[in-house]
K.L.:
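Have a look at this one.
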Amino acid sequence: MNAHTENVQIINGPDGAPAYVVIPYQDYLASHSAPDLIPNEVVGIVVNEDTTMVAAWRRYLGLTQAQVAERIGISQSAYAQQEAARKPRLPTLEKIATALGLTVEQLSEE
């Protein structure tokens with residue numbers, strides 16, 4: 001038997017007592033720290049366009065190379081080279097992750 005209260009669904013077990021709670025996915029994400037989640041759209045950009053995770057995330061977030069470069073404090077052309085690197089150095093990934101509001105793990109190709 002199911003009971004609904006706003007956006008939460010409670011599913012009772014065979015004994016009639018609440019056994020499960022179903023909540024909207026966005027509420028779940030907000031309540032659970034999951035810094036390593038990568039949206040399907042980001043993976044799709046990487047796979048379908050043979051680009052780096054850094055480039056895919058930037059595009060997913062709706063930012064230009066110039067905007068990210070400005071956040072890091074480098075030129076757009078210097079950032080473009082870093083974004084294209086298949087194995088960027090850790091300090092580079094850390095700076096880009098901070099600029100994008102992500103973790104290094106989310107930008108990692110491995």
Side-chain angles (χ1 to χ4, degrees):
M1 181 162 217
N2 299 340
H4 296 276
T5 55
E6 297 187 36
N7 288 328
V8 175
Q9 179 182 14
I10 299 171
I11 302 172
N12 295 332
D15 62 356
Y20 302 96
V21 176
V22 180
I23 63 173
Y25 187 64
Q26 290 303 321
D27 292 349
Y28 169 79
L29 290 178
S31 67
H32 288 78
S33 176
D36 59 343
L37 287 181
I38 300 173
N40 184 52
E41 294 88 347
V42 172
V43 175
I45 294 169
V46 170
V47 171
N48 295 327
E49 300 181 26
D50 190 31
T51 191
T52 64
M53 286 294 284
V54 172
W57 269 107
R58 176 189 54 78
R59 291 182 45 205
Y60 174 76
L61 295 170
L63 298 168
T64 65
Q65 287 184 343
Q67 289 170 315
V68 179
E70 184 178 330
R71 291 179 183 185
I72 297 173
I74 60 175
S75 70
Q76 180 275 326
S77 59
Y79 173 75
Q81 291 176 354
Q82 292 177 354
E83 182 178 273
R86 290 290 175 178
K87 293 195 178 231
R89 296 176 37 238
L90 181 58
T92 300
L93 275 181
E94 289 170 342
K95 289 177 186 175
I96 295 171
T98 299
L100 297 177
L102 302 169
T103 66
V104 170
E105 292 78 18
Q106 288 173 297
L107 293 178
S108 178
E109 299 272 338
E110 299 172 2

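The residues of the chain are indexed from 1 along the displayed sequence. In what follows, every heavy atom counts, from backbone to side chain, and hydrogens, waters and symmetry copies are set aside. Everything numeric in this text was worked out from a predicted model, so none of it was measured.
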K.L.:
Please test Leu100 against Val68 for side-chain contact (heavy atoms from CB on, under 4.5 Å), starting from the C-alpha separation and ending with a verdict.
P.N.:
CA-CA 7 Å; Leu100 297 177; Val68 179; 3.8 Å; yes

K.L.:
For Asp15 and Ala17, which heavy atoms make the closest approach, and how far apart are they?
P.N.:
OD1-N, 3.0 Å

K.L.:
Mind checking side-chain hydrogen bond (donor to acceptor under 3.5 Å, both in side chains) for Arg71 and listing every partner two or more places apart, or none if nothing turns up?
P.N.:
none

K.L.:
With rounding to the nearest 0.5 Å, note down the distance linking CD1 in Ile72 to CD in Glu94.
P.N.:
12.0 Å

K.L.:
Going from OG on Ser108 to CG on Leu102, what distance comes out if it is rounded to the nearest 0.5 angstrom?
P.N.:
12.5 Å

K.L.:
Sequence neighbours excluded and cut-off under 3.5 Å, please list the side-chain donor-acceptor pairs for residues 37-49, or say none.
P.N.:
from, atom 1, to, atom 2, distance (Å)
Asn48, ND2, Gly44, O, 3.2
Glu49, OE1, Arg59, NH1, 2.4
Glu49, OE1, Arg59, NH2, 3.0
Glu49, OE2, Arg59, NH2, 3.3

K.L.:
Which heavy atom of Ala69 sits nearest a heavy atom of Ser75, and at what distance?
P.N.:
CB-O, 3.5 Å

K.L.:
Within a 6.0 Å radius of atom CD on Gln65, are there more than 12 heavy atoms belonging to other residues, nucleotides or ligands?
P.N.:
yes

K.L.:
Decide yes or no for Thr52 and Arg86: does some side-chain heavy atom of the first lie under 4.5 Å from some side-chain heavy atom of the second?
P.N.:
yes

K.L.:
Working note: Arg58 + Tyr79, criterion side-chain contact (heavy atoms from CB on, under 4.5 Å); need CA distance, chi angles, decisive distance, verdict.
P.N.:
CA-CA 11 Å; Arg58 176 189 54 78; Tyr79 173 75; 3.9 Å; yes

K.L.:
Looking only at heavy atoms, what is the nearest atom pair of Pro24 and Asn7, with distance?
P.N.:
CD-O, 3.0 Å

K.L.:
Would you give the length of the straight line joining atom OH of Tyr60 to atom CE of Met53, rounded to the nearest 0.5 angstrom?
P.N.:
11.5 Å

K.L.:
Are more than 12 heavy atoms, taken from residues, nucleotides or ligands other than Arg89, located less than 6.0 Å from that residue's CZ atom?
P.N.:
no

K.L.:
Is there a donor-acceptor pair under 3.5 Å between the side chain of Glu70 and the backbone N or O of Gln67?
P.N.:
no

K.L.:
So which atom in Trp57 and which in Gln106 form the shortest heavy-atom distance, rounded to 0.1 Å?
P.N.:
NE1-O, 3.0 Å

K.L.:
Is a side-chain N or O of Gln81 found less than 3.5 angstrom from the main chain of Ala78, in a donor-acceptor match?
P.N.:
no

K.L.:
What are the two closest heavy atoms between Ile74 and Gln82, and how far apart are they?
P.N.:
CD1-OE1, 3.5 Å

K.L.:
Which pair of non-hydrogen atoms, one from Ile96 and one from Leu107, has the smallest distance, and what is that distance?
P.N.:
CG2-CD1, 3.9 Å

K.L.:
Is there a side-chain contact between Val104 and Leu90 in this structure, where contact means two heavy atoms from C-beta onward sitting under 4.5 Å apart?
P.N.:
yes

K.L.:
Any heavy-atom pair between the side chains of Val54 and Thr92 that's under 4.5 Å?
P.N.:
no

